[in-house]
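Notes follow the structure.
A quick note: this is a predicted structure, and the numbers were derived from the prediction, not measured. The residues of the chain are indexed from 1 along the displayed sequence.
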Amino acid sequence: MSDDLRAHLDALNAPRPTRAWRRRTLELLAAPAARDEVLRRVRWYATKEPDLAGGRPFSDPSLRAEPGARGRVWAAALLGDPGVIPLLDVIARRAAGVTREFRPSAKLAGAAINALGEFADPRALDVLRGLSRDVRYPGLGRRIAAAIEAAAARRGITPAQLVERGVPAHGLCRDGSLARDIGAYQAVLVIEDPLTVRLTFTGADGRPLRTVPGALKVPFAAEIKELKTLVKQVRATLAAERTRIEALMAVERTWPFAEWRRHYRDHPVTGVVACGLIWEFEGPDGIWHAATPGEGVLVTVDGRALPVPADDARVRLWHPARAFPGAVRAWRGFVTANRMTQSFKQAFRETYRPAPAGAGPVRRRGGFDGELRRVFAEGAWRVSHHDGTRFERKVAGRWREVHPADVPPLVYSEGAREVDLFLRVTSITEEAPFGELSASAEIRGDALRRILPGTKIAGRCSVDGRFLVVRGELRTYKIHLGSGGVLMEPGNARLRAEPSRRPSQKGLFLPFEDERLTQILGTAFLLAADHRISDETVLAQIKRGA
């Protein structure tokens, strides 16, 4: 590396270089030897390979203090080589403390993050999305958001549009699958539903195997490793899409039908999430019609096919807070009857509205001394809670408090839901184990009323007020829909050593993921056959008052 280039790179002391610095860097990198030297150095930062000049390990404090580290990272990015993207990902993670290998270096991590925002390649955006999910080092979250905003501004679109257009397809077909021939087997990777990615191997007998066949492990080790890496990548993208689309529940956003079809319904990863959800489509008369994407059609709640909208017709995500109660009940029935796996609570989502006097949605619970502050609605709103709940909107870069009555309905409902979920998690030990039900517990009761008729214990169970009542052979039990606590009749004695296991009935359908719902169902299956319980601690309590 020439003295001029080294001095120039060492001189970069800002998170982002000036135009003059960039121009001079490209001039100095005109020589192939200079480009190779920069790339070699950046590759060393990412791989811990020995430094050809000094052999110092990455964890050596002298590297962290090296004045040219940021300059070399930026120089590599300015070359535009897409092979630098994964290197910057590793550097950002190491320097941000994600991998826990070395002491964090916010300056180096920030440089790598900012440099990723310079790439037009969609893979850089995918890396930034992954970093936004994994990086927790103070201040770097804002850097990642700024890098995404900068990339979007260069394309003349919003950050939200940039993210949704950059979701990787990972080479999957439109149905979310990929097949490869490996030796005498066909490996099939498929997204089965919004929560499951499966890899199977099928041989000549046609029987799919969920583990790698022994005949492939050694001769095709590289191919198997590549496939397993792909599975991890698809799972990460699928999880990110579930989180991203759920966040849209707080946003009054619409898409032209053609754009929605391309980036949501027809995308091999996003489409698996989108097709399990309810959307609204604007008709020629300006009226919105709710439907869910079926096999090539849009299906309404009464099973009719909705006419295909025009390409410029607007589409938005359905939210129960703006639907009539009857429509919400109907969609819950539709989801359950059609065994739709929704990637997050939508039809069964809790909704909140401001109190008539404009008070906050939730109040401080006894013994609770926590605090919540969360930014949502694509960064435009913030909800906080300590003694009460406050909503703030970002105006000209500053947060301004907004009266609850003036908060948009979806923003209010989603913000209040965040607060309620937070309070139930942090103050669960302070709640009466058999007290009044929260909004989530009410939803749980409604879901159970719809699920239980299809189970083998349907004749022994009923939802009554705050409880799921289970009639066993020895006693009758009341499982609280909020806490999962169990009371035994007669006498309402508490079952202290509460049995808990996942329901084992094959094919049991749950319309949404809910750990407490799973626990309650597992307990119900167990107590419905209480005469078969072998746990002496539990059995002794049951027989004591029977």
Side-chain angles (χ1 to χ4, degrees), residues 329 332 336 345 348-350 362-368 417 420-505 508-546:
R329 289 192 295 270
R332 289 179 181 177
T336 307
K345 278 187 180 181
F348 287 87
R349 201 170 190 81
E350 306 88 347
V362 286
R363 301 201 179 273
R364 180 170 179 167
R365 303 185 182 189
F368 172 72
R417 182 176 183 267
D420 199 26
L421 293 174
F422 171 74
L423 290 180
R424 284 191 290 107
V425 169
T426 54
S427 61
I428 189 67
T429 57
E430 307 296 334
E431 293 188 77
F434 303 102
E436 293 299 318
L437 299 182
S438 65
S440 291
E442 294 277 5
I443 296 286
R444 203 171 289 132
D446 188 19
L448 284 168
R449 290 185 185 93
R450 300 171 188 276
I451 295 168
L452 285 169
T455 68
K456 64 183 180 181
I457 61 173
R460 291 184 172 272
C461 298
S462 63
V463 178
D464 184 7
R466 303 192 302 271
F467 298 93
L468 170 61
V469 180
V470 182
R471 290 172 292 280
E473 294 289 339
L474 305 178
R475 298 184 77 159
T476 295
Y477 309 89
K478 298 191 300 184
I479 308 173
H480 191 258
L481 299 175
S483 66
V486 180
L487 297 176
M488 301 181 291
E489 293 183 343
N492 275 342
R494 182 171 182 180
L495 182 58
R496 294 285 176 181
E498 297 164 7
S500 177
R501 70 174 187 185
R502 297 182 65 87
S504 57
Q505 186 184 29
L508 180 66
F509 166 75
L510 298 179
F512 54 86
E513 275 195 309
D514 184 291
E515 185 177 347
R516 186 56 52 83
L517 176 61
T518 301
Q519 174 202 339
I520 290 171
L521 277 170
T523 301
F525 275 104
L526 197 62
L527 295 178
D530 55 1
H531 60 296
R532 296 178 183 171
I533 293 176
S534 57
D535 188 320
E536 291 298 331
T537 304
V538 175
L539 202 56
Q541 293 181 73
I542 292 174
K543 292 182 176 180
R544 190 176 302 136

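Between Gln541 and Arg544, the side chains place no donor N or O within less than 3.5 Å of an acceptor N or O (distance only, hydrogens not considered).
The pair Lys478-Asp464 fails the salt-bridge criterion, with no side-chain N (NZ, NE, NH1 or NH2) lying under 4.0 Å from an Asp/Glu carboxylate O. Between Arg466 and Glu436, at least one side-chain nitrogen of the basic residue sits less than 4.0 Å from a carboxylate oxygen of the acidic one, meeting the salt-bridge criterion.
In this structure, the side chains of Arg450 and Pro511 stay at 4.5 Å or more apart for every pair of heavy atoms. You'll find the side chain of Val470 reaches within 4.5 Å of the side chain of Ile479, heavy atoms only. Residues Leu468 and Leu452 meet the side-chain proximity criterion, which asks for heavy atoms closer than 4.5 Å. Counting heavy atoms from C-beta on, the side chains of Arg471 and Glu489 never come closer than 4.5 Å. With contacts defined as side-chain heavy-atom distances shorter than 4.5 Å, the pair Ile533/Leu527 qualifies.
Residues forming a ring pair (Phe, Tyr, Trp, His ring centres under 6.0 Å) with Tyr477 (at least two apart in sequence, or on another chain): none. Glu473 pairs by the side chain to side chain donor-acceptor pair (under 3.5 Å) definition with Arg460, not counting sequence neighbours.
Taking the six-membered ring for Trp and thresholds of 30 and 60 degrees, Phe512 and Phe348 have ring planes inclined between 30 and 60 degrees apart.
For the pair Gly482 and Leu437, the tightest heavy-atom approach, listed with the atom from each and the gap, is N-CD2, 3.9 Å.
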